[in-house]
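Here's the structure we're looking at; comments come further down.
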2 protein chains.
Amino acid sequence: MGMTIGEAAVRTQCTPATIRYYEEIGLLRPVGRSANGRRAYAQPDIHRLRFIRRCRDLSFAIDDIRALLDVMDGQAVSCLSARDLTLGHLETVRARRTELEALERTLATMAASCTDTCVSGVAAECVLIEDLAT
Amino acid sequence: MGMTIGEAAVRTQCTPATIRYYEEIGLLRPVGRSANGRRAYAQPDIHRLRFIRRCRDLSFAIDDIRALLDVMDGQAVSCLSARDLTLGHLETVRARRTELEALERTLATMAASCTDTCVSGVAAECVLIEDLAT
DNA sequence: CTTGCTCCTCAAGTAACTTGAGGAGTTACG
DNA sequence: CGTAACTCCTCAAGTTACTTGAGGAGCAAG
């Protein structure tokens with residue numbers, strides 16, 4: 001009835017070490033053990049792990065996932081908290097993406113200026129390095 | 001002639017703790033001490049710290065900064081290494097930005113679906129939660 | 001029966017700092 | 001001149017989300 005941590009790992013795209021870690025920090029309550037003392041996973045555990053894995057793929061923080069799991073477990077009054085959490089996360093992602101866009105422009109400009117003008121190749125005189133020293 | 005770590009911090013937008021950290025990991029060689037045993041910073045140190053700070057603003061990794069500092073110090077043969085490093089970093093940033101764009105779309109869709117259809121507000125039935133459980 | 005997995009439990013390492021404890025010297029104010 | 005507030009010092013541990021490794025035991029296949 002129970003599968004080993006290795007089998008659970010395959011089914012959830014998590015490594016065994018990660019699964020043990022999730023148990024340790026309480027994302028997964030301690031799972032049953034078979035006679036030989038090894039962890040035995042049942043279907044609900046797999047389901048929960050898949051949920052966690054999907055949240056991590058969406059780069060939710062562990063504490064956010066805790067809250068989302070509470071919603072899934074029906075511990076939350078309504079699902080609005082999950083939506084708000086998602087919207088908050090979306091804002092973080094959007095802000096970071098905007099930063100990265102600016103970063104891309106800056107880096108591209110720097111690299112291009114070096115390509116264009118650093119014919120000498122003298123390291124200390126590189127326009128890119130000079131830019132960084134600004 | 002030397003300024004305190006606090007003054008250096010103001011001039012470089014780094015905190016004193018960060019400046020000590022950079023010294024510890026060898027980004028900044030151990031700076032002189034005044035009679036009372038406190039660190040004393042001179043202009044070249046400030047220049048170097050500003051360089052480091054700018055690199056961090058551009059989210060270069062510490063090891064990358066080490067290499068860039070070598071170029072600034074004239075330790076590198078040519079500045080091409082700096083340009084290549086910048087281009088490599090640019091690619092990483094670009095890839096990450098693309099990921100975040102996809103993430104934004106997914107999160108926005110999820111949040112919107114909850115807003116649209118979760119009239120009941122029953123947490124466990126939320127379409128957003130169901131999506132995460134997929 | 002022996003080789004090779006897989007599992008177990010700690011403990012420490014990763015990136016780039018930040019935070020805190022405990023202690024000493026310094027600066028400003030009255 | 002005293003004292004309160006500030007800045008500095010060092011060293012250690014905490015942060016995030018895991019990964020890696022040591023050391024040891026059981027299980028499955030040939």
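Chain letters run A, B, ... following the sequence lines, proteins first and then strands; every chain starts at 1.
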Quiz item: Mind checking whether F60(A) and L27(A) sit in one hydrophobic cluster, side chains of I, L, V, M, F, W, Y counted as touching below 4.5 Å?
Solution: yes
Quiz prompt | side-chain hydrogen bond (donor to acceptor under 3.5 Å, both in side chains) between T15(A) and T18(A), intermediate numbers included | solution = CA-CA 5 Å; T15(A) 69; T18(A) 301; 2.8 Å; yes
Side-chain N or O of [X] closer than 4.0 Å to phosphate OP1/OP2 of [N]:
X      : N       : result
Y22(A) : dC18(D) : yes
R20(A) : dA11(C) : no
T15(B) : dT18(C) : yes
R56(A) : dC18(D) : yes
R39(A) : dT9(C)  : yes
T18(A) : dT19(D) : yes

When the distance from [atom1] of [X] to [atom2] of [N] is rounded to whole Å, what number comes out?
X      : N       : atom1 : atom2 : result
M3(A)  : dC7(C)  : CE    : P     : 13 Å
L27(A) : dT16(D) : CG    : C1'   : 13 Å
I5(A)  : dC8(C)  : CD1   : C1'   : 10 Å
Y21(B) : dA13(D) : OH    : C1'   : 15 Å
I62(A) : dG14(D) : CD1   : P     : 19 Å
E24(B) : dA15(C) : CD    : P     : 14 Å
D63(A) : dT16(D) : CG    : P     : 7 Å
I19(A) : dT9(C)  : CD1   : C1'   : 17 Å

Practice problem: Please tell me which of R38(B) and R33(B) maps to the more 5' nucleotide of DNA chain D, matching each residue to the nucleotide holding its nearest heavy atom. | Solution: R38(B)
Quiz item: Atom OG1 in T115(B), atom CE in M110(B): separation rounded to 0.5 Å?
Solution: 11.5 Å
Quiz item: Hey, does the side chain of N36(A) reach the backbone of R38(A) with a donor-acceptor pair shorter than 3.5 angstrom?
Solution: yes
Quiz item: Can you tell me if E91(B) uses its side chain to pair, donor with acceptor, with the backbone of G88(B) under 3.5 Å?
Solution: no
Quiz item: Mapping F60(B) and N36(B) to their closest nucleotides on DNA chain C, which lands nearer the 5' end?
Solution: F60(B)
Quiz item: When all nucleic acid strands are considered with a 4.0 Å heavy-atom cut-off, which category describes I25(B): base, sugar-phosphate, or nothing?
Solution: nothing
